[in-house]
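Structure record follows, encoded as structure tokens.
Naming convention: chains lettered A, B, ... in sequence-line order (proteins, then strands); numbering from 1 in each chain.
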There are 2 protein chains.
Amino acid sequence: MSQTITKEQLITARYGAENAPEQMIWNEQIAGLLSHRSVRHYSDRPLPQGCLETLVAAAQSASTSSNLQQWSVVAVTDPALKAEVRALAAGSNGQANGYIEQAPAILLWVADLSRSHAITEADGLTPEVHDYLDSFLMASVDAALAAQNATVAAESIGLGTVYIGATRNQAKALAALIDLPPRSYVVCGLVVGWPDDAYASDIRPRLPQPVVLHHNRYDAGNLDAHVQAYEATFHAFRERLGMKDKTWKQAVQSAATSMDYMDGREALRATLEARGFGFK
Amino acid sequence: MSQTITKEQLITARYGAENAPEQMIWNEQIAGLLSHRSVRHYSDRPLPQGCLETLVAAAQSASTSSNLQQWSVVAVTDPALKAEVRALAAGSNGQANGYIEQAPAILLWVADLSRSHAITEADGLTPEVHDYLDSFLMASVDAALAAQNATVAAESIGLGTVYIGATRNQAKALAALIDLPPRSYVVCGLVVGWPDDAYASDIRPRLPQPVVLHHNRYDAGNLDAHVQAYEATFHAFRERLGMKDKTWKQAVQSAATSMDYMDGREALRATLEARGFGFK
């Protein structure tokens with residue numbers, strides 16, 4: 001699908017005609033990156049041979065802090081287990097994220113200090129660095145870099161993906177379900193499968209570049225004007241897709257104020273401490 | 001350079017001949033991802049026109065939790081400022097990461113709750129969700145996904161990159177240097193520039209896939225045997241590059257036990273709390 005979309009169409013889909021960056025370097029890889037959209041309807045076609053190995057090779061090719069490789073990935077493909085993963089990420093009304101069951105796989109990206117911890121303790125040493133927030137962050141960020149490379153690889157094959165942050169809603173139960181060792185947790189899920197062509201999945205517009213790109217020093221000037229401009233693009237996008245009218249500001253405020261939005265993630269700190277992470 | 005390397009050479013460079021995954025799907029994008037290597041020597045050639053806009057468009061095309069877009073990037077290109085950034089990330093001996101000064105730019109990837117916070121408080125609402133660990137994590141992970149897409153885009157143009165986690169060593173001073181608002185911090189830096197062809201930069205081997213890839217449930221079985229196999233690949237890599245002989249196990253243990261390795265990052269929690277992040 002993306003092959004037939006032009007450079008101008010891709011840039012306009014991402015920013016709206018008014019806010020398109022003027023100078024863009026272009027090649028096939030960049031076109032692929034800009035074509036990204038989250039896929040929420042999957043066919044029952046299985047993953048191609050070698051798919052998981054390929055996605056993991058791409059993931060392992062991402063940078064990893066000090067080559068410590070403190071992440072793992074659990075590929076859940078067993079239908080019964082996948083249904084249980086979905087139930088834990090289905091939200092408080094039990095209805096959300098049905099595509100976890102529909103797609104052939106969900107990859108659970110794990111921040112994983114367990115290997116480093118075991119390798120260190122095996123020689124009678126004390127891995128005190130793991131007691132600090134920075135170690136938790138380092139493993140989480142490295143898992144994210146790996147996941148994103150897998151996403152790019154999957155899309156290059158023509159597969160669709162969608163990230164699932166709701167895998168943190170019931171982090172304790174999910175870790176138990178997939179037998180995670182202490183000092184590891186699921187940062188996020190990534191559903192992978194073939195898009196169901198009966199459903200469109202659209203490129204979502206983002207904030208104008210000057211909101212996120214700062215030169216030499218951070219400058220929040222003109223935020224209001226840029227958000228105003230974004231609301232117009234955001235509104236046109238939702239209207240075209242027949243979505244309920246909602247401003248981006250309302251979405252931001254709702255996510256910042258509502259414990260419904262957290263949906264269990266308010267317990268993440270307690271769960272992670274119980275799993276052996278430190279936050280010094 | 002990567003164009004002339006075959007599929008087999010890339011896979012062998014990443015895993016060693018003994019541990020190469022047997023089935024791999026292949027295309028130009030996947031070859032690009034597997035070609036990644038960190039570049040630590042740069043020429044003085046400036047970035048091409050439109051480079052930053054292109055990298056940021058790729059970054060903004062990555063997924064972002066609930067479309068909240070809670071990240072920013074500060075592109076430091078001013079030589080004097082770049083020298084100050086380098087000084088803050090130069091390690092306790094002041095010698096490390098000199099390529100920050102050599103390359104034309106370092107992109108500082110910022111986890112940024114400041115916009116959501118301001119937009120929420122502007123209407124008299126209380127952004128209590130931001131007081132939780134999950135909000136800190138969400139913004140940090142989204143910044144990482146964005147950074148990785150920028151990395152893939154940069155490499156597709158032929159640019160080299162290297163991530164700098166040492167930007168967290170003096171997180172407080174760095175945030176002040178680039179005028180970061182409260183509730184934002186630099187997750188990591190990404191140096192971007194043209195590789196200096198006088199220096200080789202090599203594909204670093206990673207752990208065998210069965211260590212990081214688990215099917216349906218986590219299985220740490222055979223870790224010792226796989227690490228043993230990896231040590232052979234790791235040793236051959238270091239020997240070929242004339243690096244000091246060191247086992248991977250030694251590197252892991254040193255990073256887990258040494259406060260020298262943390263190099264200031266042990267203060268990250270305190271710095272972030274002072275900057276308004278919550279860890280409930």
(request) Verify, without hydrogens or angle tests, whether B:Gln70 (side chain) and B:Ala111 (backbone) share a donor-acceptor contact under 3.5 angstrom. (result) no

(message) Quick check on A:Leu137 against chain B: is it the side chain, the backbone, both or neither that has a heavy atom closer than 4.5 Å?
(response) side chain

(message) Can you tell me which of B:Ile203, B:Asn27, B:Thr126 forms the most heavy-atom pairs within a distance under 4.5 Å of chain A?
(response) B:Asn27

(request) Side chain from CB out, backbone as N, CA, C, O: work out which of these in A:Arg269 comes under 4.5 Å of a heavy atom of chain B, or both, or neither. (result) both

(message) Counting only non-hydrogen atoms closer than 4.5 Å, does A:Met262 touch chain B with its backbone (N, CA, C, O), its side chain (CB onward), both, or neither?
(response) side chain

(request) Specify which of A:Val110, A:Asp224, A:Leu177, A:Val227 makes the most heavy-atom pairs with chain B at under 4.5 Å. (result) A:Leu177

(request) Assess the side chains of A:Tyr163 and B:Ser65: does a donor N or O sit below 3.5 Å from an acceptor N or O? (result) no

(request) Would you mind checking which part of B:Asn149 comes under 4.5 Å of any heavy atom in chain A, side chain (CB onward), backbone (N, CA, C, O), both or neither? (result) both

(message) For B:Pro205, which atoms come within 4.5 Å of any heavy atom of chain A: side chain, backbone, both, or neither?
(response) backbone

(message) Does any backbone or side-chain atom of A:Leu81 lie under 4.5 Å from a heavy atom of chain B? Answer side chain, backbone, both or neither.
(response) side chain

(request) Report the option among B:Lys82, B:His117, B:Gln29 that has the most heavy-atom pairs separated by less than 4.5 Å from atoms of chain A. (result) B:Gln29

(request) Using a cut-off of under 4.5 Å on heavy-atom pairs, state which of A:Val76, A:Val85, A:Ile119, A:Leu268 scores highest against chain B. (result) A:Ile119

(message) Which atoms of B:Ile11 are under 4.5 Å from chain A, going by heavy atoms: the side chain, the backbone, both sets, or neither?
(response) neither

(request) Please flag which part of B:Leu145 lies under 4.5 Å from any non-hydrogen atom of chain A: side chain, backbone, both or neither. (result) both

(message) For chain B, which candidate among A:Leu125, A:Leu113, A:Val162, A:Leu107 shows the most heavy-atom pairs at distances under 4.5 Å?
(response) A:Leu125

(message) Can you confirm whether or not the ring centre of B:Phe136 sits under 6.0 Å from the ring centre of B:Phe279?
(response) yes

(request) Pick one of side chain, backbone, both or neither for A:Cys188, based on which atoms fall under 4.5 Å of a heavy atom in chain B. (result) neither

(request) Quick one: which of B:Val141, B:Leu213, B:Leu180 has the most heavy-atom pairs under 4.5 Å with chain A, could you say? (result) B:Leu213

(request) Tell me, out of A:Ser140, A:Gly165, A:Ala62, who's got the most heavy-atom pairs with chain B below 4.5 Å. (result) A:Ala62

(request) State whether B:Arg168 and A:Asp134 are salt-bridged, where the test is any N-O pair (Lys NZ or Arg NE/NH1/NH2 against Asp/Glu carboxylate O) under 4.0 Å. (result) yes

(request) Answer yes if the side chains of A:Thr64 and B:Arg206 hold a donor-acceptor pair under 3.5 Å, and no otherwise. (result) no

(request) Could you tell me which portion of B:Ala251 (side chain, backbone, both or neither) has an atom closer than 4.5 angstrom to a non-hydrogen atom of chain A? (result) backbone

(request) For A:Thr271 and A:Ala267, indicate whether the former's side chain and the latter's backbone hold a donor-acceptor pair under 3.5 Å. (result) yes

(message) If you count heavy-atom pairs within less than 4.5 Å of chain A, which of B:Ala153, B:Ser114, B:Pro21 leads?
(response) B:Ala153

(request) Check whether any side-chain heavy atom of A:Thr161 lies under 4.5 Å from a side-chain heavy atom of A:Val39, and answer yes or no. (result) no

(message) Between B:Asp219 and A:Asp179, is there a side-chain heavy-atom distance shorter than 4.5 Å?
(response) no

(message) Given the ring of A:Tyr185, does A:Arg183 sit roughly above its face, with NZ or CZ under 6.0 Å from the centre of the six-membered ring and within 45° of the axis?
(response) no

(message) Would the distance check show the side chain of A:Asn216 and the main-chain N or O of B:Asp78 forming a donor-acceptor pair, the cut-off being under 3.5 Å?
(response) yes

(request) Spell out, as yes or no, whether a donor-acceptor pair under 3.5 Å connects the side chain of B:His226 to the backbone of B:Pro208. (result) no

(request) Under 4.5 Å heavy-atom distance to chain A, tell me which part of B:Leu223 shows up: side chain, backbone, both or neither. (result) side chain

(request) Mark yes or no for whether A:Ser258, through its side chain, and A:Asp260, through its backbone, hold a donor-acceptor pair below 3.5 Å. (result) yes

(request) Identify which part of A:Trp71 has an atom lying under 4.5 Å from any heavy atom of chain B, answering side chain, backbone, both or neither. (result) both

(request) Select one option (side chain, backbone, both, neither) describing which atoms of B:Asp112 are under 4.5 Å from chain A's heavy atoms. (result) side chain

(request) Count the heavy-atom pairs under 4.5 Å between each of B:Glu128, B:Gln209, B:His36 and chain A, then report the option with the highest count. (result) B:Gln209

(message) As an exercise: rank A:Glu121, A:Gln49, A:His215 by heavy-atom pairs under 4.5 Å with chain B and give me the winner.
(response) A:Gln49

(message) Given heavy-atom pairs under 4.5 angstrom as the criterion, report whether the side chain, backbone, both or neither of A:Thr77 touches chain B.
(response) both

(request) Look at B:Arg115, B:Glu22, B:Glu155 and state which one has the largest set of heavy-atom pairs under 4.5 Å with chain A. (result) B:Arg115

(request) Indicate whether the side chain of A:Thr120 and that of B:Gln253 have a donor and an acceptor atom separated by less than 3.5 Å. (result) no

(request) Answer yes if the side chains of A:Tyr218 and B:Ser184 hold a donor-acceptor pair under 3.5 Å, and no otherwise. (result) no

(message) Which atoms of B:Arg204 are under 4.5 Å from chain A, going by heavy atoms: the side chain, the backbone, both sets, or neither?
(response) side chain

(request) Could you tell me which portion of B:Val187 (side chain, backbone, both or neither) has an atom closer than 4.5 angstrom to a non-hydrogen atom of chain A? (result) side chain

(message) Given heavy-atom pairs under 4.5 angstrom as the criterion, report whether the side chain, backbone, both or neither of A:Glu28 touches chain B.
(response) both

(request) For A:Gln69 and B:Tyr230, test the side chains for any donor-to-acceptor distance below 3.5 angstrom and give the result as yes or no. (result) yes

(request) Please state whether the side chain, the backbone, both or neither of B:Leu272 comes within less than 4.5 Å of a heavy atom of chain A. (result) side chain

(message) Is B:Ser63 close to chain A through its backbone or its side chain, or both, or neither, when contacts mean heavy atoms under 4.5 Å?
(response) both

(request) Flag yes if more than 12 heavy atoms outside B:Glu273 fall under 6.0 Å of its CD atom; otherwise flag no. (result) yes

(message) Shorter than 4.5 Å, heavy atoms on both sides: which option in A:Ala57, A:Ala144, A:Ser116 has the most such pairs with chain B?
(response) A:Ala57

(message) What I want to find out is whether A:Asp123 reaches B:Lys249 closely enough, with some N-O distance under 4.0 Å, to be called a salt bridge.
(response) yes

(message) Has B:Ser135 got a side-chain atom pairing as donor or acceptor with B:Val129's backbone, closer than 3.5 angstrom?
(response) yes

